[in-house]
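Here the structure is laid out as structure tokens; the discussion comes afterwards.
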Amino acid sequence: MSEEKKPNNFIEDIIEDDLNNGLSKDKLRFRFPPEPNGYLHIGHASAICLNFGLGEKFNKPVNLRFDDTNPAKEEAKYVDAIKKDVQWLGYKWDNLCFASDYFQELYDWAIHLIKEGKAYVDSQSSEEMAAQKGTPTEPGVDGPYRDRSVEENLALFEGMKNGDFGEGEHILRAKIDMKSNNMLMRDPIMYRVVNRDHHRTGDTWKIYPMYDWTHGESDYLEQISHSFCTLEFKPHRELYDWFLDQIVDTDKVRPKQREFARRNISHTVTSKRKLQKLVEQNIVTGWDDPRMTTISGLRRRGYTAASIKNFADSIGIGKRDNLVDMNHLEFHLRDDLNKIADRVMCVLDPIKLVITNYPEDQVEILQAENSQEDESRGFRKVPFSREIYIEREDYREEANKKFFRLKNGKEVRLKNAYIIKGEGCIKDADGNITEIHATYDPDSRSGSGSEASMRKIKGTLHWVSAAQALPVEVRLYDRLFTVPSPDTDKEKDFMEFVNPDSLEVITAMAEPAMKNLSIGQTVQFQRMGYFCVDPDTTDDKLVFNRTVTLRDTWAKVDA
RNA sequence: UGUCCCAUGGUGUAAUGGUAACACUCCGGUUUUUGGUACCGUCAUUCAAGGUUCGAGUCCUUGUGGGACAACCA
């Protein structure tokens with residue numbers, strides 16, 4: 001066995017460089033820092049796999065930290081949902097942390113900055129401050145409160161903390177450089193007054209720290225060695241470092257922020273705000289609608305954690321803009337499901353087929369394997385009789401030789417059963433086929449070992465015995481958007497690209513053994529795709545989600 | 001009329017100055033009681049122009065194209 005070494009990505013290069021430059025390996029520590037203001041999506045999954053993957057690669061701890069500094073948007077239910085999603089992906093965090101745990105420390109450090117003359121209370125309106133801030137191409141100017149005395153700043157900040165002021169009256173700003181090329185360095189806001197209860201600290205605090213003031217200091221408090229975030233935070237790095245400079249102790253690990261490109265997946269949106277709009281406008285039934293690319297939606301759809309991890313791993317990590325084709329994700333999904341899903345028969349678009357030379361009241365119990373490749377997965381019993389259902393599209397009165405399925409005068413094999421020959425069909429007044437007639441070769445039973453059963457027949461169909469068929473609801477999903485990149489159009493809003501046919505609900509005919517499936521279980525409907533049992537299932541009705549179709553080369557030939 | 005980031009097949013990544021590699025997709029083929037799976041094969045001289053070098057996808061310069069930055073959001 002040759003030990004094929006997977007090449008490093010640039011993130012791993014950064015870490016190994018640091019290790020080579022004197023960072024002790026036992027100081028390595030990472031974190032995944034979501035804001036609990038919504039559900040995690042496939043984009044977060046990439047970040048989770050990156051950070052926790054690093055933890056696994058270097059065998060070092062990873063914290064799950066909630067960046068909960070804005071009580072106006074955050075809720076405890078999101079904390080629970082995020083924890084569930086991370087666990088479902090198969091990762092274990094070292095410490096469960098909250099930025100809100102550091103409010104006191106952050107406050108004390110802010111006092112320190114005020115005393116150093118590096119922070120001040122500004123009492124202007126946000127409009128006035130915005131006007132002074134300049135633009136990316138024009139420098140800002142100093143505001144009138146910039147040179148308040150330390151005593152006055154201390155008193156005002158204390159008042160803010162005590163709830164003496166309303167929202168918007170005063171804020172605390174870092175005193176850096178209003179002329180900096182970097183807008184974020186133009187005296188960024190550190191604290192604002194928010195009169196809202198926090199999901200963890202209740203009404204203890206009237207002031208809340210901003211992201212920039214919180215993030216690096218939280219990394220430092222947790223002694224995170226490497227703090228990875230997406231590219232749009234690149235301009236924040238200078239501020240991250242400036243804030244760290246104010247408080248860092250040289251004996252401790254100084255966290256390093258580095259940025260990677262977020263992953264964009266075709267035919268979907270990966271933005272909490274946009275996903276929320278789909279929920280609000282009832283385009284989908286909720287955050288866990290199987291069409292949603294939230295982790296909870298993918299889970300309900302039947303995606304496996306392994307498929308998501310393998311996907312994240314295979315697309316790697318980079319710094320350039322990207323649009324990863326959904327095919328990549330579906331490849332890894334099929335790859336995993338192919339290994340773990342038992343095979344069954346279910347007819348999605350049933351039409352009755354009568355085997356005219358089969359005894360009227362006879363029912364045979366046939367054996368069907370659960371896996372073509374792996375006999376150890378066992379067998380199940382499938383009833384066979386004179387009247388069965390097959391897929392409507394599997395029969396044509398006449399067809400060219402590329403059509404391997406049932407046609408008049410030609411033979412096909414019924415999976416795990418007999419070889420039949422098309423004899424004709426019955427049509428209604430409009431010419432629609434209502435019933436197909438066929439004859440069977442009694443010596444051709446699958447597994448009988450007879451010469452007839454061994455015959456090479458090009459086509460094999462799945463089927464279900466009509467009398468024993470189990471009607472089930474099947475939800476067929478298609479892409480949520482009709483274009484690969486719905487949210488990059490300059491003129492049109494992404495909502496204009498919503499696919500109106502992303503859901504089709506049908507009643508299908510399943511083999512009776514399927515009534516024993518449990519919620520969440522995935523099976524392969526042979527020749528049709530992978531399907532999982534939805535939680536909407538009741539004692540009376542089984543509900544399936546189509547997780548993904550099989551690859552279908554016939555669809556291309558036929559088109 | 002600023003600062004910063006990015007540029008390798010249709011897609012995503014690799015090549016760490018020395019033969020452009022891997023996966024997906026597409027197309028073609030072999031096997032198959034799933035038109036599935038598995039297996040095999042075809043598909044790029046690296047945005048452009050200069051420069052450094054024995055040698056450049058990689059380093060330098062200048063273009064070109066794309067992106068980020070002006071929330072009391074994260």
Side-chain angles (χ1 to χ4, degrees), chain A residues 6-9 13 33-35 37 67-70 72-74 122 125-126 129-131 133-140 167-173 180-184 186 189-194 208 210-212 214-215 229 231-238 259 261 263 266 272-273 311 314-332 334-335 338-339 343 345 369 371-373 402-405 412-417 419 446-447 453-462 484 524-529 549-558:
Chain A
K6 206 177 166 237
N8 274 356
N9 58 45
D13 282 342
E35 182 187 15
N37 68 340
D67 235 328
D68 56 348
T69 58
N70 185 0
K73 289 188 174 177
E74 296 147 7
D122 199 330
S125 67
S126 60
M129 283 187 275
K133 201 164 186 182
T135 69
T137 56
E138 296 164 52
E167 292 184 10
E169 286 186 55
H170 306 283
I171 52 142
L172 185 74
R173 303 177 77 171
S180 172
N181 279 322
N182 185 346
M183 296 288 290
L184 288 155
R186 323 242 261 226
I189 297 172
M190 294 172 66
Y191 275 95
R192 78 291 210 188
V193 172
V194 181
Y208 291 90
M210 300 289 285
Y211 165 84
D212 287 297
T214 308
H215 205 92
C229 57
L231 237 32
E232 66 266 30
F233 287 94
K234 177 72 205 290
H236 292 249
R237 189 152 110 194
E238 193 180 357
E259 311 80 15
R263 312 316 317 215
S266 76
K272 274 184 202 165
R273 208 199 91 241
F311 167 71
S314 82
I315 61 175
I317 206 77
K319 293 178 80 169
R320 37 185 149 140
D321 293 340
N322 59 81
L323 183 64
V324 184
D325 200 296
M326 183 76 91
N327 281 325
H328 269 282
L329 221 201
E330 292 185 342
F331 166 79
H332 288 287
R334 291 189 183 104
D335 190 47
N338 177 49
K339 287 180 269 188
R343 269 103 243 241
M345 293 195 286
E369 73 284 356
S371 165
Q372 178 103 250
E373 281 83 25
K402 282 192 170 178
F403 186 81
F404 308 155
R405 308 175 182 193
V412 292
R413 185 187 301 276
L414 293 175
K415 179 76 180 170
N416 298 124
I419 295 169
S446 292
S453 72
M454 315 280 245
R455 278 155 54 203
K456 292 282 176 206
I457 300 289
K458 191 68 179 169
T460 301
L461 307 186
H462 62 284
Q524 186 197 87
F525 291 180
Q526 288 177 106
R527 304 208 302 136
M528 293 287 112
T549 61
L550 260 26
R551 279 182 70 228
D552 188 356
T553 45
W554 162 245
K556 289 168 196 157
V557 174
D558 196 37

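Sequence lines set the chain letters: A, B, ... in the order given, protein chains first and strands last, and positions in each chain run from 1.
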message: Below 30° counts as parallel, above 60° as perpendicular, anything between as tilted: where do the rings of A:Y211 and A:F233 land?
response: tilted
- prompt: Counting any heavy atom closer than 4.0 Å, what does A:K456 reach on the DNA or RNA strands: base, sugar-phosphate only, or nothing?
  reply: sugar-phosphate
- prompt: Taking the nucleotide of RNA chain B with the closest heavy atom to each, which residue, A:K234 or A:N37, is nearer the 5' end?
  reply: A:K234
query: Who is the Watson-Crick or G-U wobble partner of B:rU61, with both distances under 3.5 Å?
result: B:rA49
- prompt: Taking a pair as Watson-Crick or G-U wobble with both distances under 3.5 Å, which nucleotide is matched to B:rU11?
  reply: B:rA23
- prompt: Using the P atom in both, what is the distance from B:rG36 to B:rG18, to the nearest Å?
  reply: 42 Å
query: With respect to the side chain of A:H328, which nucleotide from B:rA23, B:rC72, B:rA74 is positioned closest?
result: B:rA23
- request: Specify the separation, in whole Å, of atom CD of A:E259 and atom P of B:rC69.
  value: 13 Å
query: Which nucleotide, B:rU34, B:rC24, B:rA68, lies nearest any side-chain atom of A:F331?
result: B:rC24
field: Pair assignment for B:rU32, Watson-Crick or G-U wobble, requiring both distances under 3.5 Å
entry: none
message: Looking at A:R551, I'd like to know whether one of its side-chain N or O atoms comes within less than 4.0 Å of OP1 or OP2 on B:rU37.
response: yes
- prompt: Which part of the nucleic acid, if any, lies within contact of A:E373, taking any heavy atom under 4.0 Å across all strands shown: a base, the sugar-phosphate backbone alone, or nothing?
  reply: base
query: Across the strands shown, which category fits A:N9 at heavy-atom distances under 4.0 angstrom: base, sugar-phosphate, nothing?
result: sugar-phosphate
message: What's the closest nucleotide to the side chain of A:Q372 if the choices are B:rA74, B:rU33, B:rU13?
response: B:rU33
- request: Between B:rU37 and B:rU30, how far apart are the C1' atoms? Round to whole Å, please.
  value: 14 Å
message: Between B:rA49 and B:rC73, how many Å separate the two P atoms, rounded to a whole number?
response: 49 Å
- request: Pick base, sugar-phosphate or nothing for A:N182, based on heavy-atom distances below 4.0 Å to the nucleic acid.
  value: nothing
- request: Would you mind reading off the distance between A:L184 atom CG and B:rA70 atom P, rounded to a whole angstrom?
  value: 7 Å
task: Check every strand shown and say whether A:M210 touches a base, only sugar-phosphate, or nothing at a heavy-atom separation below 4.0 Å.
output: sugar-phosphate
- request: Could you work out the separation of B:rC4 and B:rC60 based on their P atoms and round it to a whole Å?
  value: 15 Å
- prompt: Looking at A:K319, A:R237, A:K234, which hits salt bridge (Lys or Arg N to Asp or Glu O under 4.0 Å) with A:E259?
  reply: A:R237
message: Checking contacts here: which listed nucleotide (B:rA74, B:rG67, B:rU8) is nearest the side-chain heavy atoms of A:D321?
response: B:rG67
- request: Using the C1' atom on both, measure B:rA7 against B:rA48 and round to a whole Å.
  value: 12 Å
task: Write down the partner of B:rU3 under the Watson-Crick or G-U wobble criteria, each distance required to be under 3.5 Å.
output: B:rA68
statement: From CG of A:L323 across to P of B:rU25 the rounded distance in Å is 16 Å
Watson-Crick or G-U wobble partner of B:rA44, both distances under 3.5 Å: none
message: Looking at A:E330 and A:R551, is any side-chain nitrogen of the basic one under 4.0 Å from a carboxylate oxygen of the acidic one?
response: no
- request: Could you tell me whether the phosphate oxygens of B:rU13, OP1 or OP2, come under 4.0 Å of any side-chain nitrogen or oxygen in A:R263?
  value: yes
message: Can you identify which nucleotide, out of B:rU32, B:rG2, B:rG12, has its nearest atom closest to the A:N181 side chain?
response: B:rG2
message: Within the 4.0 Å heavy-atom criterion, would you say A:G459 contacts the bases, only the backbone, or no part of the nucleic acid?
response: nothing
- request: Measure from the side-chain heavy atoms of A:K319 and tell me the nearest of B:rC72, B:rU34, B:rC5.
  value: B:rC5
- request: Examine distances only and state if a side-chain atom of A:R334 and a backbone atom of A:G529 form a donor-acceptor pair shorter than 3.5 Å.
  value: no
task: Assign A:I457 to base, sugar-phosphate, or nothing according to its heavy-atom contacts below 4.0 angstrom with the strands shown.
output: nothing
- prompt: How do A:G134 and A:S314 order along RNA chain B: which one's closest nucleotide is nearer the 5' end?
  reply: A:S314
Gap between atoms CG and P, on A:D552 and B:rG36 respectively (whole Å): 8 Å
message: Using a heavy-atom cut-off of 4.0 Å across all strands, would you classify A:T553 as base, sugar-phosphate, or nothing?
response: sugar-phosphate
statement: With the side chain defined as heavy atoms from C-beta on, A:R413 is closest, among B:rA74, B:rG2, B:rU33, to B:rU33
query: Closest to the A:N327 side chain: B:rU25, B:rG36, B:rU11?
result: B:rU25
- request: Sticking with atom C1', work out how far B:rU3 lies from B:rU25, rounded to a whole angstrom.
  value: 39 Å
message: In whole Å, measure the gap between the P atoms of B:rU62 and B:rG2 for me.
response: 14 Å
query: Given B:rA68, B:rU33, B:rU11, which nucleotide is nearest the side-chain atoms of A:K415?
result: B:rU33
query: When you compare B:rG63 with B:rC22, how far apart are their P atoms, in angstrom units rounded to a whole number?
result: 38 Å
field: Length of the CG-P vector between A:D335 and B:rC24, whole Å
entry: 9 Å
message: Heavy atoms only, 4.0 Å cut-off, all strands: where does A:F233 land among base, sugar-phosphate and nothing?
response: base
task: Would you check if the side chain of A:S453 reaches a backbone N or O of A:G447 as a donor-acceptor pair within less than 3.5 Å?
output: no
- prompt: What is the distance from NZ of A:K73 to P of B:rC73, rounded to the nearest Å?
  reply: 7 Å
query: With respect to the side chain of A:V324, which nucleotide from B:rC72, B:rG12, B:rG36 is positioned closest?
result: B:rG12
query: Do A:Q524 side-chain and B:rU34 base share a donor-acceptor contact under 3.5 Å?
result: yes
- prompt: Counting N and O atoms only, with roles assigned by atom type, does the side chain of A:R186 sit under 3.5 Å from a partner on the main chain of A:S180, one being a donor and the other an acceptor?
  reply: yes
field: Residue-phosphate contact under 4.0 Å: A:K556 side-chain N/O, B:rC26 OP1/OP2
entry: yes
A:I189 to A:M210 - nearest heavy-atom pair and separation: O-CG, 3.3 Å
- prompt: Hey, does the side chain of A:R413 reach the backbone of A:K456 with a donor-acceptor pair shorter than 3.5 angstrom?
  reply: no
